[in-house]
*Asks:* 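Please read through the structure below; I'll follow up with questions.
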Amino acid sequence: MINIKFPDGAERSYENGISPLEIAKSISEGLARKVIVTSVDGVVRDLSTPLVTDASIKLHTWDDAEGKSTFWHSSAHILAEAVEATFPGVKFWVGPAIDKGFYYDMDLGGKSISEEELLGLEKKMAELARKNNVFIRKEISKADAIAYFEEKGDEYKLDLLAGLPDGEITFYTQGEFTDLCRGPHIPQTGLVKAIKLTSIAGAYWKGDEKNKQLTRIYGVSFPSQKELDEHIQMLEEAKKRDHRKLGKELGIFTFDDDVGPGLPLWMPNGTIVIEELERLAKETEQAAGYKRVVTPHIAKESMYLTSGHLPYYQDSMYPPMELEGVKYYLKAMNCPHHHKIFSAESRSYKDLPLRLAEYGTCYRYEQSGELFGLMRVRCLHMNDAHIYCAKEDFAKEFRAVNDMYIKYFKIFGIEKYVMRLSLHDPAKLGQKYINEPELWQETEAMVREVLIESNIPFVEVQDEGAFYGPKIDVQIWSAIGREFTLATNQVDFAQGRRFNLQYTNKENHAETPLIIHRAPLGTHERFIGFLLEHYAGKFPLWLAPVQVKVLPISDKFNDYAESVNQQLLNAGIRSELDDRAEKIGKKIRDTELMKVPYMLIIGEKEQTENAVSVRRQGKGDAGMSSVSEILTNLTTEIRDRQSNS
RNA sequence: GCCGUUGUAGCUCAGUGGUAGAGCACUUCCUUGGUAAGGAAGAGGUCGUGAGUUCAAUUCUCAUCAACGGCUCCA
């Protein structure tokens with residue numbers, strides 16, 4: 001007999017060799033039907049794994065992350081089975097579960113799959129799932145595994161095998177399909193009741209653009225049709241929030257073929273959001289002891305050679321223009337210009353920390369396929385600043401920057417993000433990263449310590465640092481689930497020396513400052529793209545392009561409405577009058593669709609009482625209010641940058 | 001940049017080997033209506049661009065540009 005411990009602390013004894021599936025059955029038939037996979041002492045295993053020692057187990061259903069990922073991974077195997085049945089001779093690479101489904105990478109020998117064929121595969125998968133084939137696990141020697149795939153002529157699996165130690169190799173077979181796989185899997189294919197193959201794409205083998213491109217099929221699957229329907233519904237909701245759609249509907253930005261890809265034109269409504277964000281940044285930075293500067297959009301090649309950016313960055317800079325034998329580049333970053341301002345005057349320790357801020361315009365020649373609405377563009381306005389400080393002040397300054405982030409995020413109600421400590425990769429010193437192993441370790445430790453001290457949750461990621469130092473990135477997700485860095489806070493121990501930046505310390509010696517690069521509001525482009533999705537287009541009052549719409553019920557009240565509108569304008573409120581000869585219902589509808597926060601409706605009653613009827617966007621009638629009262633309320637809400645309640 | 005898909009009016013989209021249509025938006029007129037669409041008339045497109053096939057191309061073929069879904073990359 002063995003003792004099995006459950007997550008709730010309960011313990012039961014079972015016969016030696018019992019499987020977790022049988023345990024599930026012993027608890028209830030319902031559970032046995034729902035259970036997908038199990039954890040044994042924290043390791044995810046097949047339900048058929050015999051248990052031969054005392055263990056803690058957790059039975060995972062669809063509701064657990066482990067359940068979902070196993071379910072999707074098994075779905076990927078079913079996809080492969082369908083593909084192999086449809087396109088004999090196909091070779092497979094890997095087919096993992098991902099966040100929202102699964103994919104399988106394959107080499108179809110140059111054949112491309114059409115939409116109809118994708119639908120055909122989906123049908124075939126459903127058919128295979130209905131067969132309810134069991135996933136059979138088999139341990140196999142490396143030699144036998146190699147022989148199997150040599151026979152099949154599958155160089156991809158052979159490549160995979162080359163990296164695996166003998167004795168840990170397993171095959172999984174369901175129906176006619178056998179795959180090299182570590183597992184675990186669902187017990188049988190019949191659990192998969194609903195399948196949607198979502199898209200088909202190219203993907204480089206091993207993620208390296210120098211390698212051959214494989215065909216990747218994405219899909220998602222569910223234990224019931226109802227859940228698939230809900231999933232599709234959710235995707236449609238997400239599309240409504242897409243900043244590209246909202247940006248067009250709300251007149252925020254546009255693109256034009258003659259201007260160029262990745263070069264957004266900010267329309268009047270978008271420009272208001274930009275200006276409000278800049279106002280917030282100016283106020284915040286002024287209070288935090290920053291000084292504002294303005295720098296040109298271009299500079300000579302020599303500066304980027306000095307900074308060291310050119311070799312790392314040239315591919316993503318617009319090509320240089322040459323004048324009288326001198327090359328000029330459009331700036332892709334503001335740092336070197338700011339460094340030149342630092343070195344324009346002799347600096348003493350008394351001048352430090354020196355914090356130079358600029359909403360800097362940068363141009364980056366991103367690859368055409370990388371462009372994505374406002375989130376990835378070629379012309380960007382960065383909420384940039386560089387802090388030059390002595391090493392002993394570093395922690396304090398770095399922490400102050402983090403505090404500024406938190407302050408901003410609170411204003412915008414940003415909660416769904418991940419702080420990522422981005423480190424270097426020692427293997428890439430001298431290539432992707434400045435070759436200063438000790439400085440890397442030292443600064444990485446400093447940053448980590450600041451994060452821990454400030455109690456900020458974060459994840460550490462290798463090989464994501466800037467070339468001149470480690471950084472903290474704030475990661476967010478777009479409506480359609482793509483990940484972006486919203487803001488960044490970087491340490492730079494390299495450029496100070498490259499630019500020969502110096503200050504005189506207390507002992508009258510020259511010293512090189514550490515530099516902090518920071519952009520808590522990222523760029524206008526990405527930040528506003530993010531905010532559009534975050535608010536679903538419903539900006540809080542202080543950010544809303546049009547804050548108030550004055551809606552007279554008929555022409556008879558136009559004069560009074562005009563005077564109300566003028567009083568709002570005089571108070572600095574962005575108000576507009578809708579004096580069209582339309583019915584009030586129509587005016588309200590149009591204003592609701594434009595997501596204007598406040599509507600002031602004016603008819604006979606309001607005119608007589610020198611009042612307005614207030615309607616909040618999305619919330620309906622909020623009753624009458626005197627003009628002076630609504631003026632005070634609006635002004636306060638704007639001044640305090642209140643969020644939507 | 002690579003793989004795949006798409007490209008018709010300001011927007012959302014029908015449609016066809018014989019030089020184009022709807023709804024919304026726009027203009028004018030009628031309507032003066034109390035919390036999400038009042039009515040009528042009108043204007044608006046060389047069907048992304050260039051070449052080819054054809055008696056004839058918006059429709060078929062190729063190239064190119066752009067957007068979209070991914071890969072790579074990134075604020």
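Below, chains carry the letters A, B, ... as their sequence lines are ordered, and counting in each starts from 1.
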*Asks:* Which value, rounded to the nearest 0.5 Å, describes the distance between A:Leu543 atom CG and A:Leu277 atom CG?
*Replies:* 5.5 Å
*Asks:* Any chance the side chains of A:Lys100 and A:Thr198 put a donor and an acceptor closer than 3.5 Å?
*Replies:* no
*Asks:* Any base atoms under 4.0 Å from A:Thr591, or only sugar-phosphate, or nothing? Heavy atoms, all strands.
*Replies:* nothing
*Asks:* According to the interplanar angle, ranging from 0 to 90°, do the rings of A:Phe530 and A:Phe527 count as parallel (below 30°), tilted (30 to 60°) or perpendicular (above 60°)?
*Replies:* tilted
*Asks:* Whether the A:Thr295 and A:Glu358 side chains hold a donor-acceptor pair (N or O, under 3.5 Å, no angle test) is what I'd like checked.
*Replies:*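 A:Glu358 and A:Thr295 do have a side-chain donor-acceptor pair below 3.5 Å.
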*Asks:* Between B:G70 and B:G10, how far is it from one P atom to the other, in whole Å?
*Replies:*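 About 29 Å, rounded to a whole number of Å.
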*Asks:* For A:Ala203, answer base if it contacts any base atom (sugar-phosphate contacts may also be present), sugar-phosphate if it contacts only those atoms, and nothing otherwise; contact means non-hydrogen atoms under 4.0 Å.
*Replies:*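 Contact class for A:Ala203: sugar-phosphate only.
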*Asks:* Base, sugar-phosphate, or nothing: which does A:Ser199 touch, judged by heavy atoms less than 4.0 Å apart?
*Replies:* sugar-phosphate
*Asks:* Please work out if A:Arg482 contacts a base, only the sugar-phosphate, or nothing of the nucleic acid, heavy-atom cut-off 4.0 Å.
*Replies:*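 If one applies the 4.0 Å heavy-atom cut-off, A:Arg482 turns out to touch the sugar-phosphate alone, with no base involved.
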*Asks:* Sticking with atom C1', work out how far B:G18 lies from B:A56, rounded to a whole angstrom.
*Replies:*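 So the two C1' atoms sit 6 Å from each other.
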*Asks:* Once you apply a heavy-atom cut-off of 4.0 Å, does A:Gly369 come out as touching a base, just sugar-phosphate, or nothing?
*Replies:* base
*Asks:* Could you tell me whether A:Glu276 and A:Arg279 have a side-chain N and a carboxylate O separated by less than 4.0 Å?
*Replies:* yes
*Asks:* Could you check whether A:Glu604 gets within reach of a base, just the sugar-phosphate, or nothing at all, counting any heavy atom under 4.0 Å?
*Replies:*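 A:Glu604: base contact, heavy atoms under 4.0 Å.
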*Asks:* Got a sec? Which of residues 614-624 of chain A come in under 4.0 Å of RNA chain B, heavy atoms?
*Replies:* A:Arg615, A:Asp621
*Asks:* Taking atom types as modelled, is there a side-chain donor on A:Gln431 or A:Asp425 under 3.5 Å from an acceptor on the other?
*Replies:*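 Distance-only check fails for A:Gln431 and A:Asp425.
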*Asks:* Taking the same atom, P, in B:G17 and in B:C29, what whole-Å distance lies between them?
*Replies:* 43 Å
*Asks:* Quickly, which of A:Trp440, A:Tyr468, A:Tyr433 forms a ring pair (Phe, Tyr, Trp, His ring centres under 6.0 Å) with A:Phe493? Name it, please.
*Replies:*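 When A:Trp440, A:Tyr468, A:Tyr433 are each tested with A:Phe493, the ring pair (Phe, Tyr, Trp, His ring centres under 6.0 Å) holds only for A:Trp440.
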*Asks:* Report the residue (A:Glu606 or A:Ala487) whose heavy-atom-nearest nucleotide on RNA chain B is the more 5′ of the two.
*Replies:* A:Glu606
*Asks:* Might you confirm whether atom NZ of A:Lys432 has over 12 heavy atoms from other residues, nucleotides or ligands at distances under 6.0 Å?
*Replies:*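 For A:Lys432, atom NZ is crowded (more than 12 foreign heavy atoms under 6.0 Å).
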*Asks:* Which two nucleotides bound the region of RNA chain B that has atoms under 4.0 Å from heavy atoms of chain A, read 5' to 3'?
*Replies:* B:G1 to B:A75
*Asks:* So that I know where these two stand, are A:Phe412 and A:His534 an aromatic pair - ring centroids less than 6.0 Å apart?
*Replies:* no
*Asks:* Mind checking the P distance from B:U46 to B:G69? Whole angstroms is fine.
*Replies:* 29 Å
*Asks:* Pick the C1' atom in B:G48 and in B:G7, then give their distance to the nearest Å.
*Replies:* 6 Å
*Asks:* Contact class for A:Glu582 vs. all strands (heavy atom < 4.0 Å): base, sugar-phosphate, or nothing?
*Replies:*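 Counting heavy atoms under 4.0 Å across all strands, the contact made by A:Glu582 includes a base.
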*Asks:* Give A:Tyr218 one of three labels, base, sugar-phosphate or nothing, depending on what nucleic acid heavy atoms sit under 4.0 Å from its own.
*Replies:* sugar-phosphate
*Asks:* Which comes earlier along RNA chain B counting from the 5' end, the contact point of A:Arg364 or that of A:Ile584, where each point is its nearest nucleotide?
*Replies:*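 Whichever sits nearer the 5' end wins; that is A:Ile584.
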*Asks:* Between A:Lys605 and A:Glu609, does any side-chain N to carboxylate O distance fall below 4.0 Å?
*Replies:* no
*Asks:* Please report the distance separating the P of B:G21 from the corresponding atom of B:G15, rounded so that it comes out in whole Å.
*Replies:* 15 Å
*Asks:* Closer than 4.0 angstrom, basic N to acidic O: yes or no for A:Lys91 and A:Asp154?
*Replies:* no
*Asks:* Looking at every heavy atom in both A:Met419 and A:Ile456, which two are closest together, and how far apart are they?
*Replies:* CG-CG2, 3.8 Å
*Asks:* Report the secondary structure of RNA chain B in dot-bracket form, marking unpaired bases with a dot and bases paired to a different strand with |, and treating Watson-Crick or G-U pairs with both distances under 3.5 Å as paired.
*Replies:* (((((((..((((....[..)))).(((((.......))))).....(((((..]....))))))))))))....
*Asks:* Classify A:Ser368 by what it touches in the nucleic acid, base, sugar-phosphate, or nothing, heavy-atom distance under 4.0 Å.
*Replies:* base
*Asks:* Roughly how far apart, to the nearest Å, are B:U72 and B:C60 at atom P?
*Replies:*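 Between the two P atoms, the distance is 34 Å.
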*Asks:* Give A:Leu551 one of three labels, base, sugar-phosphate or nothing, depending on what nucleic acid heavy atoms sit under 4.0 Å from its own.
*Replies:*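 No contact.
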*Asks:* Contact class for A:Lys587 (heavy atom, under 4.0 Å): base, sugar-phosphate, or nothing?
*Replies:*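 It contacts nothing in the nucleic acid.
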*Asks:* Could you measure between the two C1' atoms, the one in B:C47 and the one in B:U16, and give it in whole Å?
*Replies:*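 Approximately 11 Å lies between the C1' atom of B:C47 and that of B:U16.
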*Asks:* Looking just at side-chain N and O atoms, do A:Glu606 and A:Tyr560 make a donor-acceptor pair shorter than 3.5 Å?
*Replies:*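 Checked: A:Glu606/A:Tyr560 side chains show no N/O donor-acceptor pair below 3.5 Å.
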*Asks:* Scan A:Arg216 against the nucleic acid and name what it touches under 4.0 Å (heavy atoms): base, sugar-phosphate only, or nothing.
*Replies:* sugar-phosphate
